[in-house]
Amino acid sequence: MGRTREAGCLAAGVVIGAGACYCVYRLTWGRDESEKIWDDHDDDEEEESSDIAETGKGAKANAGAGAGARLQGDSKAKAEESVELKSGPDVKAEAHLKAQSGGGLEAKAKALFSTLKEQASAKAGRGARLGTISGTRTLTPGLPCPGVRGGGCHPVRNGARAGGRTSGKSKGRTRGKSTRTPATSWPVRRGKFNFPYKIDDILGATDLQKVLNILERTNDPFIQEVALVTLGNNAAYSFNQNAIRELGGLPIIAKLIKTKDPIIREKAYNALNNLSVNAENQGKIKTYISQVCDDTMICRLDSAVQMAGLRLLTNMTVTNHYQHLLSYSFPDFFALLFLGNYFTKIQIMKLIINFTENPAMTRELVSCKVPSELISLFNKEWDREILLNILTLFENINDNIKNEGLASSRKEFSRSSLFFLFKESGVCVKKIKALANHSDLVVKVKVLKVLTKL
């Protein structure tokens with residue numbers, strides 16, 4: 001037993017000595033490198049986890065060394081579970097002092113092993129806190145989705161990191177839970193709204209009467225909008241066009257074209273537009289056509305309410321019965337044709353073409369003043385729809401001038417009139433001839449048709 005004991009002690013001494021030398025090197029000569037690791041520990045979690053793994057390996061190696069030391073009956077002191085975290089430089093200094101204070105190799109090994117164990121437990125505890133996230137993902141009630149009443153749709157975290165981060169620097173600042181207040185909720189209309197129907201429901205006479213009663217009595221713009229959309233959708237069906245007129249709905253809808261709210265005016269125009277398809281309804285709507293025309297000309301350019309008004313005027317001028325009610329607005333129509341965007345140009349040209357198809361309106365039409373820039377609509381850069389509409393407009397006016405014998409009355413028209421621009425200046429004819437080589441076959445055929453009539 002004596003020789004076996006001596007052999008065990010010798011092996012333990014060699015292992016402890018190698019570990020002691022390595023630890024002394026790590027704690028003294030590699031101090032600069034270790035300080036960098038400790039300083040950057042909180043900003044790089046990947047390095048932290050790798051440091052924890054290295055410390056774990058060191059602990060296992062020293063545990064083996066401790067097992068060898070137990071052959072000599074020397075028990076090792078365990079680190080307390082409630083040990084207070086120390087900063088990196090303090091732990092290393094303590095370990096260095098313990099390594100120098102011991103008398104023998106075993107004493108130094110014990111001191112180093114105890115220090116490394118404390119350091120490993122401290123780093124492992126800090127790593128566990130950094131990696132733990134509490135809380136679940138829920139919906140924020142204060143941020144409603146666009147177009148949705150009430151509840152929210154943005155997921156957030158209810159909790160924060162448990163315990164916060166503990167910095168390895170000497171300041172030891174701790175980042176706690178965020179105390180910022182949540183963002184303010186988006187403005188949402190929260191008034192009670194108990195409209196009895198969906199906007200796309202096809203209603204009978206009884207239900208239409210209820211909607212008209214609601215529209216007549218309410219001052220809520222939101223309810224007015226929904227009621228107008230419901231009536232407009234039902235007015236797309238011929239049987240409901242008659243029903244709404246017989247129920248006295250036309251004056252109720254037309255009353256809302258005087259409101260200042262552009263959305264309500266737009267919906268009212270759309271409802272009247274669908275109702276104007278019926279000839280009997282046109283006889284009722286003609287009372288309001290001048291007001292619709294004036295509002296359409298003065299409202300914001302290219303707006304939705306302007307487009308809705310132009311569509312209603314176009315429907316009302318499909319026949320020749322009410323065109324004379326709008327003859328005073330011809331100069332405004334041509335000004336809007338020049339100033340408006342693509343869609344406004346298309347709609348206003350459809351409206352003017354309705355007038356050009358009525359020979360009785362020719363004299364008033366060609367005598368009105370028009371901007372000279374109107375000639376730019378004959379350029380080949382425009383697409384097919386613009387070119388076909390302007391060529392149709394020119395063709396109809398040219399035919400009416402010939403049929404009405406207005407060519408001999410050229411002295412009656414000023415140089416700024418539509419007659420002079422289309423007939424006397426010759427600029428339009430040159431522009432049309434330039435379109436004869438247009439790449440679009442439909443446009444080319446239309447150009448050839450117009451040129452044959454000159």
Side-chain angles (χ1 to χ4, degrees), residues 257-258 260-263 265-270 272-273 276 285-286 288-320 322-358 361-379 381-398 400 413-423 425 427-428 431:
I257 66 177
K258 300 178 182 180
K260 295 181 179 180
D261 190 336
I263 297 179
R265 292 207 310 273
E266 177 199 353
K267 306 308 179 186
Y269 288 157
N270 289 336
L272 292 174
N273 182 43
S276 67
I285 298 174
K286 71 176 182 180
Y288 316 102
I289 190 172
S290 296
Q291 182 180 349
V292 172
C293 182
D294 294 341
D295 180 63
T296 302
M297 293 300 107
I298 64 175
C299 68
R300 186 168 61 87
L301 184 64
D302 303 326
S303 61
V305 63
Q306 186 175 69
M307 290 296 296
L310 288 174
R311 285 192 293 267
L312 175 57
L313 295 177
T314 303
N315 266 1
M316 290 294 295
T317 56
V318 169
T319 63
N320 300 338
Y322 313 109
Q323 289 182 354
H324 64 281
L325 299 175
L326 300 177
S327 59
Y328 70 95
S329 296
F330 284 159
D332 296 330
F333 293 159
F334 283 103
L336 190 59
L337 175 60
F338 170 68
L339 297 173
N341 62 13
Y342 174 83
F343 301 101
T344 303
K345 282 178 167 56
I346 294 294
Q347 194 61 50
I348 198 71
M349 278 194 284
K350 291 179 179 179
L351 173 60
I352 296 175
I353 287 173
N354 286 345
F355 291 102
T356 63
E357 292 176 349
N358 181 8
M361 302 297 298
T362 303
R363 183 175 291 273
E364 292 182 70
L365 191 62
V366 298
S367 62
C368 73
K369 293 182 179 181
V370 297
S372 59
E373 294 83 1
L374 198 66
I375 204 70
S376 62
L377 293 176
F378 290 93
N379 291 338
E381 286 79 12
W382 292 104
D383 69 347
R384 174 192 292 183
E385 191 167 7
I386 290 284
L387 291 176
L388 290 179
N389 278 293
I390 194 65
L391 287 171
T392 301
L393 193 152
F394 177 88
E395 180 185 9
N396 291 346
I397 290 178
N398 187 64
N400 291 338
F413 307 105
S414 66
R415 296 179 62 87
S416 59
S417 65
L418 181 65
F419 177 88
F420 184 83
L421 183 65
F422 276 11
K423 192 69 178 177
S425 66
V427 180
C428 281
K431 290 280 189 179

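For this chain, numbers begin at 1 and follow the sequence in order. Values reported hereafter were calculated over all heavy atoms of this structure, with side chains retained and with hydrogens, waters and symmetry mates removed.
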* Indicate the atoms forming the closest heavy-atom contact of Ser414 with Phe420, along with that distance. => O-CB, 3.5 Å

* To do: Over all heavy atoms of both residues, which pair between Pro371 and Phe338 is shortest? Give the atoms and the distance, please.
  => CG-CB, 4.0 Å

* **Leu325/Met316 under side-chain contact (heavy atoms from CB on, under 4.5 Å): CA gap, chis, key distance, verdict** => CA-CA 10 Å; Leu325 299 175; Met316 290 294 295; over 6 Å; no

* List the atom of Gly340, the atom of Lys345, and the distance in Å for their closest heavy-atom pair. => O-NZ, 2.5 Å

* To do: For Gln323 and Thr317, work out which heavy atoms get closest and say how close.
  => NE2-O, 2.9 Å

* To do: Kindly determine whether Met349 and Glu385 satisfy side-chain contact (heavy atoms from CB on, under 4.5 Å), including the steps that lead there.
  => CA-CA 10 Å; Met349 278 194 284; Glu385 191 167 7; over 6 Å; no

* Asked: Is there side-chain contact between Ser290 and Tyr328, with heavy atoms separated by less than 4.5 Å?
  -> yes

* To do: State whether the number of non-hydrogen atoms from other residues, nucleotides or ligands found under 6.0 Å of Phe343 atom CZ is greater than 12.
  => no

* Structure fact -> Value for CD1 (Ile348) from CZ (Phe333), rounded to nearest 0.5 Å, stands at 5.5 Å

* Between CD of Gln306 and CZ of Arg311, what distance do you get to the nearest 0.5 Å? -> 11.0 Å

* Structure fact -> d(Leu337 CG, Asp332 CG) to nearest 0.5 Å is 12.5 Å

* Asked: Can you name the nearest heavy-atom pair linking Leu313 to Leu351, along with the distance?
  -> O-CD1, 3.7 Å

* Would you call His324 and Glu364 a side-chain contact if the rule is heavy atoms closer than 4.5 Å? -> no

* Straight-line distance of Leu272 CG to Ile285 CD1, nearest 0.5 Å -> 5.0 Å

* Any side-chain heavy atom of Asn396 sitting closer than 4.5 Å to one from Thr362? -> no

* To do: Check ring pair (Phe, Tyr, Trp, His ring centres under 6.0 Å) between Phe413 and all other residues, then give those that pass, not counting sequence neighbours.
  => Phe419

* Structure fact -> Separation between OG (Ser417) and CZ (Phe334), nearest 0.5 Å, reads 10.5 Å

* Over all atoms of both residues, closest heavy-atom pair of Gly309 and Thr296 -> CA-OG1, 3.5 Å

* Student check: side-chain heavy atoms of Ile353 and Glu357 closer than 4.5 Å -> yes

* Counting distance only, does the side-chain N/O of Asn379 pair as donor-acceptor with the main-chain N or O of Glu381 below 3.5 Å? -> no

* Structure fact -> Distance col, row Asn354:CG vs Lys350:NZ, nearest 0.5 angstrom, shows 10.0 Å

* Give the C-alpha distance, both sets of side-chain angles, the deciding distance and a yes or no for side-chain contact (heavy atoms from CB on, under 4.5 Å) between Asn270 and Arg265. => CA-CA 9 Å; Asn270 289 336; Arg265 292 207 310 273; over 6 Å; no

* Polar side-chain atom of Asp302 near backbone of Asn341 as donor-acceptor pair, under 3.5 Å -> yes

* **Full working for side chain to side chain donor-acceptor pair (under 3.5 Å) between Thr392 and Asn389** => CA-CA 5 Å; Thr392 301; Asn389 278 293; 5.7 Å; no

* Could you tell me which residues satisfy side-chain contact (heavy atoms from CB on, under 4.5 Å) with Ile397, sequence neighbours excluded, listed by chain and number? => Thr356, Leu365, Val366, Leu393, Ile401, Leu418, Phe422

* Show your working on side-chain contact (heavy atoms from CB on, under 4.5 Å) between Leu421 and Val427 and close with a plain yes or no. => CA-CA 7 Å; Leu421 183 65; Val427 180; 5.7 Å; no

